[in-house]
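Before any comments, here is the structure.
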Amino acid sequence: PTHHRSVPDDSLTSTAPMLTPLQRGYRFMRGDASLTLAVVILSAYIFVLGPLAEIRQINRLGLDVVFALFLAAGARFVFEPRAILRLFMIFLGLTVVLRALDHFIDDQWLTAVSAACSAIGAFFLGALFLARSLRDGRMNSHRIMGAVGAFLLIGIVFAQAFRVLALFVPGAFSVGGAPSGSGDFAHSAVYFSFITLTSLGYGDIVPLHPLARSLATLEAVTGQLFLAILVARLVALEVEWRQEQRERLHEARAKTGSAPGPAG
């Protein structure tokens, strides 16, 4: 008798190619999890690294450059729509250049333009976060984190607006019970912006000028409306997704039920 040697079936023994760490990292950045990573780094910059730079524990210029490079890389490969992305990249580049000049040149207008570019860049970054978080589909924790990032960026936008106002309106804000100069208030702008955005208001910093009061009121109203509208939209997206899944399930069951059975 003829003996045949068994040959293993390649279709059964072959496995999918293993992804390299670089490929896994790229896939991660393309997914929703990148939103959580971006917001964690943004929070670290706002609440930890920024204050350390203010008290000169770390180099402010170096921190701004590294953070800008991170935002540019993340936005370039992750975010849509592209039109907003391009605007964000333009103002991000302008902000880095102007902050570098402001680090070496003491000029009021240069500081004001740098703050304005920072505010516009933060606005476009918040729009990118929202576009990614509020697209159609099932809601998850990463998309919620993206919406949180947009909320944080509202505080940054108003902080820069407060800085510009303090530059050109001396004594617009009271710090510790006394009218403050622009230099003293600049270190407290982010703090004041977030306690206003959340309607906390300790009272240690008070807007004195009518424009400062109007801007603070606008931020407080924006913060409350944003949260209310955001929660409603997130819930609506989840409800829509579940309703769509139920409809697809019903259609599949209807097709299966109407299909003819096997011949007996």
Side-chain angles (χ1 to χ4, degrees), residues 24-50 67-93 95 117-161 190 193-200 218-248:
R24 286 196 295 268
Y26 180 78
R27 178 173 293 184
F28 175 84
M29 292 299 295
R30 294 292 297 181
D32 288 339
S34 60
L35 288 172
T36 298
L37 177 61
V39 173
V40 168
I41 296 178
L42 176 64
S43 300
Y45 177 81
I46 295 173
F47 301 117
V48 179
L49 300 178
F67 185 67
L69 290 175
F70 158 76
L71 290 180
R76 175 63 183 82
F77 292 105
V78 177
F79 294 112
E80 297 282 352
R82 293 295 176 180
I84 297 179
L85 172 61
R86 294 189 188 98
L87 290 172
F88 166 69
M89 297 292 283
I90 290 171
F91 281 98
L92 178 64
T95 299
C117 287
S118 297
I120 296 172
F123 173 82
F124 284 123
L125 181 58
L128 291 171
F129 275 136
L130 284 179
R132 181 74 178 269
S133 300
L134 301 182
R135 70 186 190 277
D136 292 337
R138 187 174 192 180
M139 194 52 53
N140 56 46
S141 60
H142 301 301
R143 295 174 67 179
I144 294 174
M145 286 295 291
V148 170
F151 182 74
L152 294 177
L153 287 165
I154 293 176
I156 297 300
V157 170
F158 277 94
Q160 301 306 318
V190 173
S193 179
F194 277 100
I195 64 174
T196 303
L197 180 65
T198 57
S199 298
L200 184 59
L218 177 61
E219 182 178 18
V221 172
T222 300
Q224 299 304 306
L225 291 178
F226 180 86
L227 289 178
I229 296 172
L230 176 65
V231 170
R233 180 56 180 162
L234 294 178
V235 172
L237 285 172
E238 179 66 17
V239 171
E240 289 174 4
W241 183 87
R242 294 188 179 187
Q243 180 63 30
E244 182 181 354
Q245 296 304 308
R246 282 194 293 267
E247 291 176 355
R248 289 182 179 180

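Model, not experiment: these values are computed from the prediction.
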Mind checking the [atom1]-[atom2] spacing from [X] to [Y]? Nearest 0.5 Å is all I need.
X    : Y    : atom1 : atom2 : value
Q224 : L197 : CD    : CG    : 8.0 Å
L134 : L230 : CG    : CG    : 6.5 Å
N140 : T36  : CG    : OG1   : 8.0 Å

| query | Do I120 and T95 have side chains that get closer than 4.5 Å, going by heavy atoms? | reply |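 I120 vs T95: side chains apart.
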| query | Got S118 and I156 here, is their nearest side-chain heavy-atom distance under 4.5 Å? | reply | no
Using every non-hydrogen atom in the two residues, find where [X] and [Y] come nearest and quote the distance to one decimal.
X    : Y    : result
L152 : F194 : O-CZ, 3.3 Å
F158 : S193 : CB-OG, 3.6 Å
L128 : L85  : CD2-N, 3.9 Å
F124 : I84  : O-CG2, 3.7 Å
L153 : G126 : CD1-N, 3.4 Å
E219 : I154 : OE2-O, 4.4 Å

| task | Report the C-alpha distance between L35 and I144 in whole Å, list the side-chain angles of each, state the deciding distance to 0.1 Å, and finish with yes or no for side chain to side chain contact (heavy atoms under 4.5 Å, CB included). | result | CA-CA 9 Å; L35 288 172; I144 294 174; over 6 Å; no
| query | Taking only residues two or more places apart in sequence, or in another chain, which ones meet E244 in a salt bridge (charged side-chain N to carboxylate O under 4.0 Å, His left out)? | reply | R248
| request: Report the residues that fulfil side chain to side chain contact (heavy atoms under 4.5 Å, CB included) with L49, sequence neighbours left out, ordered by chain and then residue number. | output: I58, L63
| field | Residues which pass side chain to side chain contact (heavy atoms under 4.5 Å, CB included) with L227, listed by chain and number, not counting sequence neighbours | value |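 L227 satisfies side chain to side chain contact (heavy atoms under 4.5 Å, CB included) with F151 once adjacent residues are dropped.
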| message | Once ring pair (Phe, Tyr, Trp, His ring centres under 6.0 Å) is applied, do any residues pair with F123, and if so which ones, sequence neighbours excluded? | response |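 Scan of F123 (ring pair (Phe, Tyr, Trp, His ring centres under 6.0 Å), adjacent residues dropped) gives none.
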| task | State which residues pass side chain to side chain donor-acceptor pair (under 3.5 Å) with T222; sequence neighbours excluded, sorted by chain then number. | result |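 So T222 forms no side chain to side chain donor-acceptor pair (under 3.5 Å) with any residue.
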| query | Does any N or O in the side chain of S133 come within less than 3.5 Å of the main-chain N or O of A147, such that one atom is a donor and the other an acceptor? | reply | yes
Sequence neighbours excluded and cut-off under 3.5 Å, please list the side-chain donor-acceptor pairs for residues 236-243, or say none.
| unit_1 | atom_1 | unit_2 | atom_2 | d |
| --- | --- | --- | --- | --- |
| E238 | OE1 | M139 | N | 3.0 |
| E238 | OE2 | R242 | NE | 2.9 |
| E238 | OE2 | R242 | NH2 | 3.3 |
| Q243 | OE1 | R246 | NH2 | 2.9 |
| Q243 | NE2 | E247 | OE2 | 3.3 |

